[in-house]
A.B. asks: 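What follows is a single structure, and I will ask about it in a moment.
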Amino acid sequence: MWSPWSRRADWGAPGLSTPLDDLNLLAVDMETTSLDPRRGKIVSIGWVPVNGGVIDLSGAGYTVVRGAQVAEDAHVHLLTQEVIDAGEELDSAVAQLRQALQGRALLAHFAALEVGFIEAASREVFGQRPRLSVVDTFALERRHMERMGTYPRGEDLRLPRVRARYGLPRYGSHNALSDALACAELYLAQRGRTRAVTLGDVAQR
């Protein structure tokens with residue numbers, strides 16, 4: 001049955017034939033109150049553009065979203081309730097993210113979380129889900145380890161542990177902006193090891 005929620009909004013996602021050297025991505029990380037977008041709320045969003053093989057910190061962004069109740073979880077998100085209450089409304093935060101994602105593929109580590117919350121927030125704010133091209137560094141690493149005959153456990157695929165295997169520096173966790181940067185750096189390290197040529201070679205399957 002047709003539903004208005006089945007409509008997909010065009011956010012200018014690049015096609016699968018786009019060469020990686022020409023591919024613009026946006027590394028995105030979210031802090032949320034739950035892993036389930038049906039129940040959780042977005043606490044903060046961080047994003048960092050990747051243009052071809054270059055990280056563009058001039059286009060990085062970060063926003064705290066009003067509405068979440070963190071209570072005893074404040075130490076997890078490293079944000080007090082006072083800071084969250086002074087944050088931006090969801091519609092403003094999602095509009096900023098949408099603008100930043102225009103013409104770019106979404107890049108995330110374990111992208112299902114970001115995709116789920118982006119879709120839920122987009123339905124709430126715009127009445128439509130976005131059409132996204134997605135690159136997931138979690139999935140890329142899992143595929144690589146399986147090709148090498150190593151079958152990873154969950155801990156083996158956590159962002160800090162994967163970065164350590166590539167010799168990347170350790171960052172503090174649970175800050176959406178630094179986690180987005182960490183994901184962007186990991187993607188470039190992974191890309192340097194593969195024979196991938198186009199977005200279709202690295203896109204989420």
Side-chain angles (χ1 to χ4, degrees), residues 3-16 18 23-51 55-56 59-70 73 76-77 79 84 87-140 157-159 173-184 186-187 199-200 202-205:
S3 162
W5 308 126
S6 66
R7 292 183 299 171
R8 291 278 186 171
D10 184 7
W11 287 16
L16 295 178
T18 305
L23 178 63
N24 292 330
L25 305 102
L26 191 73
V28 177
D29 185 82
M30 293 182 178
E31 289 293 307
T32 62
T33 60
S34 168
L35 298 179
D36 186 348
R38 294 170 299 180
R39 296 184 299 164
K41 290 186 177 293
I42 299 171
V43 175
S44 60
I45 312 171
W47 60 86
V48 176
V50 181
N51 302 325
I55 293 173
D56 178 16
Y62 175 78
T63 183
V64 175
V65 183
R66 188 182 307 170
Q69 298 296 317
V70 293
D73 292 329
V76 174
H77 303 295
L79 294 169
I84 292 171
E88 299 199 44
E89 297 290 350
L90 180 66
D91 57 354
S92 174
V94 175
Q96 291 178 54
L97 180 61
R98 178 177 182 171
Q99 182 176 6
L101 263 172
Q102 282 288 330
R104 297 180 178 272
L106 172 69
L107 174 65
H109 192 78
F110 194 69
L113 185 144
E114 277 73 24
V115 170
F117 275 92
I118 288 172
E119 288 189 343
S122 180
R123 285 198 302 265
E124 181 175 342
V125 174
F126 304 117
Q128 293 177 315
R129 294 185 298 161
R131 183 178 294 109
L132 301 172
S133 297
V134 180
V135 178
D136 187 347
T137 51
F138 178 100
L140 291 178
L157 293 171
R158 291 179 64 85
L159 181 58
S173 299
H174 301 299
N175 176 276
L177 181 56
S178 64
D179 283 350
L181 176 60
C183 177
L186 175 58
Y187 163 76
L199 171 58
V202 296
Q204 187 179 46
R205 299 173 183 175

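The chain is numbered in sequence order, starting from 1.
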A.B. asks: Under 3.5 Å, side-chain donor or acceptor atoms of residues 111-119 against the rest of the protein: list the pairs with distances, not counting sequence neighbours.
C.D. replies:
unit_1: E114; atom_1: OE2; unit_2: M30; atom_2: N; d: 3.2
unit_1: E119; atom_1: OE2; unit_2: R8; atom_2: NH1; d: 3.0

A.B. asks: Look up atom CZ in R123 and atom CZ in R129, then write down how far apart they are to the nearest 0.5 Å.
C.D. replies: 6.5 Å
A.B. asks: Within a reach of under 6.0 Å around CZ of R158, are more than 12 heavy atoms found that belong to other residues, nucleotides or ligands?
C.D. replies: no
A.B. asks: I'd like to check N51 versus R104 (side-chain heavy atoms, cut-off strictly below 4.5 Å). Are they in contact?
C.D. replies: yes
A.B. asks: Check A93 against V65 and note the closest heavy-atom contact, atom names and distance.
C.D. replies: CB-CG2, 3.8 Å
A.B. asks: Where is the tightest heavy-atom contact between N175 and E31, given as atom of each residue plus distance?
C.D. replies: N-OE2, 4.3 Å
A.B. asks: Within the structure provided, determine whether D29 and L177 are in side-chain contact (heavy-atom separation under 4.5 Å).
C.D. replies: no
A.B. asks: Measuring from atom CG of L26 to atom CG of L106, what distance do you get when rounded to the nearest 0.5 angstrom?
C.D. replies: 7.5 Å
A.B. asks: Can you tell me how far CD of Q102 sits from CG of L97, rounded to the nearest 0.5 angstrom?
C.D. replies: 10.5 Å
A.B. asks: As a quick check of understanding, evaluate side chain to side chain contact (heavy atoms under 4.5 Å, CB included) for S133 and L199, giving each step before the final call.
C.D. replies: CA-CA 9 Å; S133 297; L199 171 58; 3.9 Å; yes
A.B. asks: Return the minimal non-hydrogen interatomic distance between V135 and V202, and the atom names on each side.
C.D. replies: CG1-O, 3.8 Å
A.B. asks: From S122 OG over to L90 CG, what is the distance, rounded to the nearest 0.5 angstrom?
C.D. replies: 10.0 Å
A.B. asks: To the nearest 0.5 Å, tell me how far Q128 CD sits from D10 CG.
C.D. replies: 10.0 Å
A.B. asks: Can you see which heavy atom on V64 is nearest to which on I84, and at what distance?
C.D. replies: CG1-CA, 3.8 Å
A.B. asks: Determine, stepwise, if the pair W47 / L101 fulfils side chain to side chain contact (heavy atoms under 4.5 Å, CB included).
C.D. replies: CA-CA 9 Å; W47 60 86; L101 263 172; over 6 Å; no
A.B. asks: Could you tell me which non-hydrogen atom of A180 sits nearest to which non-hydrogen atom of G46, and how far apart they are?
C.D. replies: CB-O, 3.7 Å
A.B. asks: To the nearest 0.5 Å, what is the distance between OG1 on T137 and CD on Q204?
C.D. replies: 10.5 Å
A.B. asks: Side chain of H109, backbone of L157: donor and acceptor closer than 3.5 Å?
C.D. replies: yes
A.B. asks: Looking only at heavy atoms, which two atoms of A68 and V43 are closest? And how far apart?
C.D. replies: CB-CG2, 4.0 Å
A.B. asks: My understanding is that only one of D56, L23, L25 makes a side-chain contact (heavy atoms from CB on, under 4.5 Å) with V50; could you say which?
C.D. replies: L25
A.B. asks: If we only count heavy atoms from C-beta on, is the L186 to L140 side-chain gap below 4.5 Å?
C.D. replies: no
A.B. asks: Please enumerate all residues that pass side chain to side chain contact (heavy atoms under 4.5 Å, CB included) together with D36, with sequence neighbours excluded.
C.D. replies: S34, R38, R39
